[in-house]
Amino acid sequence: MPAPADSRDSLESFAVVARGVEKSFGSHKVLKGVDLRVEYGKVVCILGPSGSGKSTFLRCMNHLERIEAGFLRVGGQLVGYRQHAGKLYEMRHSEVARQRADIGMVFQSFNLFPHMTVLQNIIEAPIGVRGIPKRQAIEEAMTLLAKVGLTAKADAYPRTLSGGQQQRVAIARALAMRPKLMLFDEPTSALDPELVGEVLAVMKGLAAEGMTMVVVTHEMGFARDVGDSVVFMDGGVVVEQGTPSEFFDNPRTERARAFLGKVL
Ligand SMILES: Nc1ncnc2c1ncn2[C@@H]1O[C@H](COP(=O)(O)OP(=O)(O)OP(=O)(O)O)[C@@H](O)[C@H]1O
């Protein structure tokens, strides 16, 4: 059970505050006390070797994984837990759903509904979860499709789209919920190399608009060019956090130097 929140970290000025987050799968401790702060309007890129716990940590941010120690706040609210009379209680499913509505998530594998058109994929949650009138949801979806360059594909089914197009739809679908925070879990890892650029360009546009973004990525160029800060994870902890130039040009730890030596 996570420890009760520390009042110093309940600052609303941070989009995300994590302190001492721990998570195990069986006897395998994957997160061993992760600390992180993300300011509103910033792009934080999480880098690190395979198996270092990056995706697990990201999934904790919207309670897709339940943390076991430490605490995690998004938008000033504890993720997945409610505090009452000094005790913590895990949220009911409906409360978690309400909390997740403010947090957009884009996965490596797109996860579009195959039996729905692009437009239906985008309007489903705004109508069903947010209660937005259908006409308005369609108008907003078309604006988002224009933003990701896919106006012409509104009536297409996902299977007829390239991976890059499907991922751009997935981004539009997440944005349709008007999230305050966007989480990206290796959004280009499943794409053919020639399709990576179109997805990164959409993400770069979002960053320029001031969207708060946490991005787990193996795209070092994106982290360097678009990230406001880079978080380097290894062995279930944050080993370094700094500006991209601090990290890429002057890594402080041997572990970061070894990682960069392999990926650059
Ligand atoms: N649901 C799960 N059940 C059991 N083990 C898991 C589960 N999810 C992740 N793991 C394990 O936790 C460890 C960290 O996985 P995670 O996906 O967070 O790493 P990562 O840093 O994102 O790696 P990659 O860059 O390869 O995606 C790995 O050893 C993985 O096998």
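All ligand and atom numbering here is 1-based and tracks the order in the structure.
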For the atom pair [atom1] ([X]) and [atom2] ([Y]), what is the distance rounded to the nearest 0.5 Å?
| X | Y | atom1 | atom2 | value |
| --- | --- | --- | --- | --- |
| Arg173 | Leu119 | CZ | CG | 13.0 Å |
| Leu36 | Met233 | CG | CE | 9.0 Å |
| Met220 | Leu264 | CE | CG | 7.0 Å |

Can you sort out which atoms of ligand 1 are near [X], meaning under 4.0 Å from one of its heavy atoms?
| X | result |
| --- | --- |
| Val30 | 12 (O), 13 (C), 14 (C) |
| His218 | 25 (O) |
| Glu186 | 24 (P), 25 (O), 27 (O) |
| Ser50 | 23 (O), 24 (P), 25 (O), 26 (O) |

Measure the distances from the heavy atoms of [X] to every atom of ligand 1 and state whether one is below 4.0 angstrom.
| X | result |
| --- | --- |
| His28 | yes |
| Ser52 | yes |
| Pro49 | yes |

Arg130 with Asp102: basic N within carboxylate O range, under 4.0 Å: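 Asp102 and Arg130: salt-bridged.
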Centroid separation Tyr81 to His63 less than 6.0 Å: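 Yes.
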Phe247/Phe232 aromatic ring centres below 6.0 Å: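 Between Phe247 and Phe232, the centre distance is under 6.0 Å.
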N or O pair under 3.5 Å between Gly48 and ligand 1: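 In fact, backbone or side chain, Gly48 has no N or O that close.
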Nitrogen or oxygen atoms of Val216 and ligand 1 under 3.5 Å apart: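 Such a contact does not occur with ligand 1.
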Stacked cation flag Lys23 on Phe25, 6.0 angstrom / 45 deg: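 The answer is yes, since Lys23 meets both limits relative to Phe25.
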Identity and separation of the nearest protein heavy atom to atom 1 (N) of ligand 1: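 Residue, atom and distance for the closest contact: Phe25 CE2, 3.5 Å.
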